[in-house]
Amino acid sequence: MLQSLGAETIEVRTPADLQGCDGLILPGGESTTQLQFLQEEGLETAIKKFAATGHTVFGTCAGAILLATHVKKPEQSSLGLLDMTVLRNAYGRQVASDVFFSPSSLKAEPLEMVFIRGPVIESVAPGVQVLAEYAGKPALVQKDKIMAATFHPELTDDPTVHQHFLALASSQNGNGHQRRSRK
Ligand code: GLN
């Protein structure tokens with residue numbers, strides 16, 4: 001999806017790979033395994049530093065779990081970069097893995113959301129923007145340059161969410177890097 005939008009992409013497997021990146025996507029998968037890998041490779045510290053220096057980080061599904069400050073069902077540690085509470089695998093059997101359309105603030109038409117045993121965002125702290133909801137729960141959220149989706153936008157033909165990610169990644173006025181405006 002990023003390549004089809006003209007972005008240059010690499011797979012980040014070590015802290016050194018992050019150098020020169022404007023943004024990072026933490027993909028779906030199994031968050032407990034991913035967390036272990038991040039810790040083993042020193043990527044946990046490197047990603048926190050990457051975010052703290054104003055870079056864009058977007059977590060989809062398991063990636064969203066890794067970004068949340070609080071993870072339940074079961075509890076597990078995380079990068080804690082986005083102030084929200086998530087419940088793993090909490091959509092239940094009916095919507096555990098299915099495709100839905102739901103409104104978002106990113107486009108006029110409903111956004112296609114592919115859920116694959118996704119987490120439910122139970123609550124977000126004040127200041128975290130909810131860009132889209134599904135079934136009354138936040139499904140796409142953002143605070144400054146950190147974004148999380150409980151669904152998989154890369155599995156659709158709709159580039160809206162990735163366009164938003166690329167716009168954030170290429171902007172210089174994110175978290176802690178506000179451009180001064182003249183009065
Ligand atoms: N169920 C997975 C987890 O809890 C997430 C699934 C996904 O990323 N599609 O880690």
Side-chain angles (χ1 to χ4, degrees), residues 1-3 9-13 17-18 21 23-48 50-51 56-102 104 106 110-125 128 130-143 146-162 164-165 168-169:
M1 182 66 87
L2 292 175
Q3 284 165 359
T9 65
I10 62 159
E11 285 190 5
V12 172
R13 296 185 176 275
D17 293 336
L18 275 175
C21 291
L24 174 70
I25 294 184
L26 300 171
E30 212 288 317
S31 58
T32 312
T33 311
Q34 292 179 338
L35 191 63
Q36 203 178 337
F37 171 76
L38 293 183
Q39 288 166 344
E40 279 168 16
E41 296 298 321
L43 272 164
E44 194 185 14
T45 312
I47 293 171
K48 284 182 186 169
F50 186 74
T56 301
V57 182
F58 175 29
T60 59
C61 208
I65 297 168
L66 293 177
L67 289 177
T69 44
H70 300 101
V71 180
K72 295 194 200 166
K73 263 188 70 181
E75 299 211 354
Q76 78 185 12
S77 69
S78 64
L79 298 167
L81 295 174
L82 198 49
D83 201 349
M84 62 179 180
T85 300
V86 299
L87 303 177
R88 292 177 64 195
N89 302 314
Y91 274 110
R93 282 170 69 188
Q94 205 186 350
V95 294
S97 304
D98 214 334
V99 184
F100 299 93
F101 287 83
S102 198
S104 84
L106 296 182
L111 193 64
E112 185 175 0
M113 300 180 180
V114 178
F115 290 91
I116 305 174
R117 289 174 56 76
V120 165
I121 298 177
E122 188 184 54
S123 61
V124 295
V128 176
V130 177
L131 305 180
E133 288 187 343
Y134 173 70
K137 297 287 183 193
L140 178 64
V141 297
Q142 178 185 348
K143 171 102 193 286
I146 311 295
M147 303 165 57
T150 56
F151 56 94
H152 288 269
E154 78 282 7
L155 296 181
T156 71
D157 293 330
D158 182 352
T160 303
V161 178
H162 290 82
H164 185 69
F165 166 78
L168 271 184

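Bear in mind the structure is a predicted one, so any value in this text is a computation, not a measurement. Indexing begins at 1, ligand by ligand and atom by atom, following the structure's order.
A donor-acceptor pair under 3.5 Å is formed between the side chain of S78 and the backbone N or O of A68. A donor-acceptor contact shorter than 3.5 Å links the side chain of Q34 to the backbone of P27.
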Put together the list of close N/O pairs, under 3.5 Å, between ligand 1 and the protein, could you?
{"from": "ligand 1", "atom 1": "1 (N)", "to": "N89", "atom 2": "OD1", "distance (Å)": "2.7"}
{"from": "ligand 1", "atom 1": "1 (N)", "to": "R117", "atom 2": "O", "distance (Å)": "2.9"}
{"from": "ligand 1", "atom 1": "4 (O)", "to": "R88", "atom 2": "NE", "distance (Å)": "2.8"}
{"from": "ligand 1", "atom 1": "4 (O)", "to": "R88", "atom 2": "NH2", "distance (Å)": "3.1"}
{"from": "ligand 1", "atom 1": "8 (O)", "to": "G29", "atom 2": "N", "distance (Å)": "2.9"}
{"from": "ligand 1", "atom 1": "8 (O)", "to": "G29", "atom 2": "O", "distance (Å)": "3.1"}
{"from": "ligand 1", "atom 1": "8 (O)", "to": "A62", "atom 2": "N", "distance (Å)": "3.0"}
{"from": "ligand 1", "atom 1": "9 (N)", "to": "I116", "atom 2": "O", "distance (Å)": "2.8"}
{"from": "ligand 1", "atom 1": "9 (N)", "to": "H152", "atom 2": "NE2", "distance (Å)": "3.0"}
{"from": "ligand 1", "atom 1": "10 (O)", "to": "S31", "atom 2": "N", "distance (Å)": "2.8"}
{"from": "ligand 1", "atom 1": "10 (O)", "to": "S31", "atom 2": "OG", "distance (Å)": "2.8"}
{"from": "ligand 1", "atom 1": "10 (O)", "to": "R88", "atom 2": "NH2", "distance (Å)": "3.4"}

Step-by-step salt bridge (charged side-chain N to carboxylate O under 4.0 Å, His left out) determination, R117 to E30: CA-CA 10 Å; R117 289 174 56 76; E30 212 288 317; over 6 Å; no
For the pair H164 and L131, evaluate side chain to side chain contact (heavy atoms under 4.5 Å, CB included) and give the outcome as yes or no after the intermediate values. CA-CA 11 Å; H164 185 69; L131 305 180; 3.8 Å; yes
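T85 and E122 share no side-chain donor-acceptor pair at under 3.5 Å.
Between F58 and H162, the two ring planes are perpendicular [angle over 60°; tilted spans 30° to 60°].
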